[in-house]
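The figures here come from the full heavy-atom set of this structure, side chains too, leaving out hydrogens, waters and symmetry mates. Atoms within each ligand, like the ligands themselves, are counted from 1 in listed order.
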Amino acid sequence: MTRHFLDLADAGGDAIAAMINDAIDRKAARAAWPKGKPDADAPLAGHVLAMIFEKASTRTRVSFDIAMRQLGGSALVMDAGSMQLGRGETIPDTARVLSRMADAIMIRTDDHAKVEELARHASVPVINGLTDRSHPCQIVADLLTLIERGHALPGLQLAWLGDGNNVLNSLIEAAGLMKFTVRVGGPSGYEPDRGYVERARAAGGEVVLTQNARNAVAGAQAVVTDCWVSMGQHETNAQVVAMQPYQVDEALMAAAAPGATFLHCLPAHRGEEVVDAVIDGEQSAVWDEAENRIHAQKSILRWVFGQL
Ligand code: CP
Ligand code: NVA
């Protein structure tokens with residue numbers, strides 16, 4: 001069976017834990033090495049990852065490329081607009097062709113159904129590099145960062161502030177798989193996907209939805225936010241106004257547990273969802289979180305290739 005990574009549940013809690021442990025070990029083993037130097041065992045030597053981007057990216061694009069180099073393989077990046085896909089070649093035909101030319105495919109797109117269709121027709125692993133619905137690769141890096149900061153996942157109290165977007169859906173999915181609590185503070189009409197919430201609760205995660213930002217962060221060991229308007233969304237003044245009470249500022253961080261960790265997947269809109277004093281402050285782990293995209297991608301890649 002070809003292993004696809006379209007959502008965290010495709011791997012499951014045990015495999016996510018194995019990915020995090022693998023990432024910690026591999027990161028330690030190459031500390032201070034030049035970033036493009038392959039790991040000593042080069043476990044994906046000779047393998048090629050084909051990446052398709054229908055949306056902008058800095059971290060996902062660079063981290064997958066560097067991850068493949070460190071695993072001994074290589075990656076190629078294609079903007080969908082310059083592919084035949086952008087002129088109407090079908091997703092199934094694209095999947096068939098890339099499966100003959102590359103060993104795995106990563107795609108960032110809008111409609112989640114496109115990733116599912118690609119996976120149905122590909123004979124090599126397909127990885128979701130972000131859709132309008134979810135961003136599972138980001139959350140593997142976030143969980144790794146939380147563990148590095150000394151948090152244990154089972155029982156963790158985590159607060160999310162702002163829009164109920166793709167990153168939050170995957171975080172909620174992780175809460176079910178790894179048994180922690182997500183308290184979401186956000187405005188009415190911008191809640192996370194109901195399916196992710198229900199599945200996480202059924203799996204043993206706790207998901208609390210509140211419109212009160214203070215209640216969301218009270219006692220939280222980690223505070224997480226993201227942009228108020230995601231890529232592909234039409235920004236309205238009403239949305240920006242609705243999000244204002246959920247801005248992560250010093251007062252809100254002070255209402256969380258002492259020393260709570262601040263995370264943001266980036267890119268940040270400073271002065272909107274987070275103020276400079278928080279993102280640049282001592283409790284912020286955002287630069288580790290960004291670097292950890294490399295270490296997480298490596299373990300995701302090793303998992304899709306059956307090495308974990
Ligand atoms: N966090 C994240 O996915 O960043 P990019 O959009 O830069 O890839
Ligand atoms: N929610 C954001 C994440 C960017 C990495 C977006 O989809 O634009």
* Val229 near ligand 2 by a heavy-atom separation under 4.0 Å -> no
* Using a strict 4.0 Å cut-off to heavy atoms of His135, name the atoms of ligand 1 that fall inside it. => 2 (C), 3 (O)
* Side-chain donor/acceptor of His295 to backbone N/O of Lys27, under 3.5 Å -> no
* For Leu266, counting its heavy atoms only, list the atoms of ligand 2 lying under 4.0 Å from any of them. => 5 (C)
* Only heavy atoms count here, so choose which of Val62, Asn166, Thr58, Val167 is nearest to atom 7 (O) of ligand 1. => Thr58
* **Numbered atoms and elements of ligand 1 in range of Arg293, under 4.0 angstrom, heavy atoms** => 1 (N), 2 (C), 3 (O)
* Without hydrogens or angle criteria, can the side chains of Glu273 and His264 be said to hold a donor-acceptor pair below 3.5 Å? -> yes
* Structure fact -> heavy-atom search around atom 4 (C) of ligand 2 in the protein gives Leu130 CD1, 3.9 Å
* To do: Kindly say whether Asp79 contributes a backbone atom to a donor-acceptor pair with the side chain of Ser82 at under 3.5 angstrom?
  => yes
* Asked: Which ligand 2 atoms, with their elements, are less than 4.0 angstrom from a heavy-atom of Asn165?
  -> 1 (N)
* Under 4.0 Å from a heavy atom of Ser230: give me the atoms of ligand 2 that qualify, with their elements. => 1 (N), 2 (C), 6 (C), 7 (O), 8 (O)
* **Polar atom proximity, Met231 to ligand 1 (N or O, under 3.5 Å)** => no
* Taking NZ, NE, NH1 and NH2 as the nitrogens, is one of them in Lys55 or Asp110 under 4.0 Å from a carboxylate oxygen of the other? -> no
* **Side-chain heavy atoms of Val115 within contact of Arg133, under 4.5 Å** => no
* Asked: Against heavy atoms of Cys265, which atoms of ligand 1 measure under 4.0 Å?
  -> 1 (N)
* Asked: Looking only at N/O atoms, are Met231 and ligand 2 under 3.5 Å apart anywhere?
  -> yes
* May I ask you to check if ligand 1 and Pro267 share an N or O to N or O distance below 3.5 Å? => no
* To do: Could you tell me whether Arg3 and Asp10 have a side-chain N and a carboxylate O separated by less than 4.0 Å?
  => no
* **ligand 1 N/O within reach of Arg108 N/O, cut-off under 3.5 Å** => yes
* **For atom 7 (O) of ligand 2, closest protein heavy-atom neighbour** => Asn166 ND2, 2.8 Å
* Structure fact -> Numbered in order shown, the ligand 2 atoms found under 4.0 Å of a heavy atom of Cys227 are 1 (N), 2 (C)
* Structure fact -> If you scan protein heavy atoms around atom 3 (C) of ligand 2, the nearest is Asp226 OD2, 3.5 Å
* Which ligand 1 atoms, with their elements, are less than 4.0 angstrom from a heavy-atom of Leu266? -> 1 (N), 2 (C), 4 (O)
* Asked: Should Lys179 and Glu206 count as an ion pair when the cut-off is N to O under 4.0 Å?
  -> no
* Carboxylate-amine/guanidinium proximity below 4.0 Å for Asp93 and Arg96 -> yes
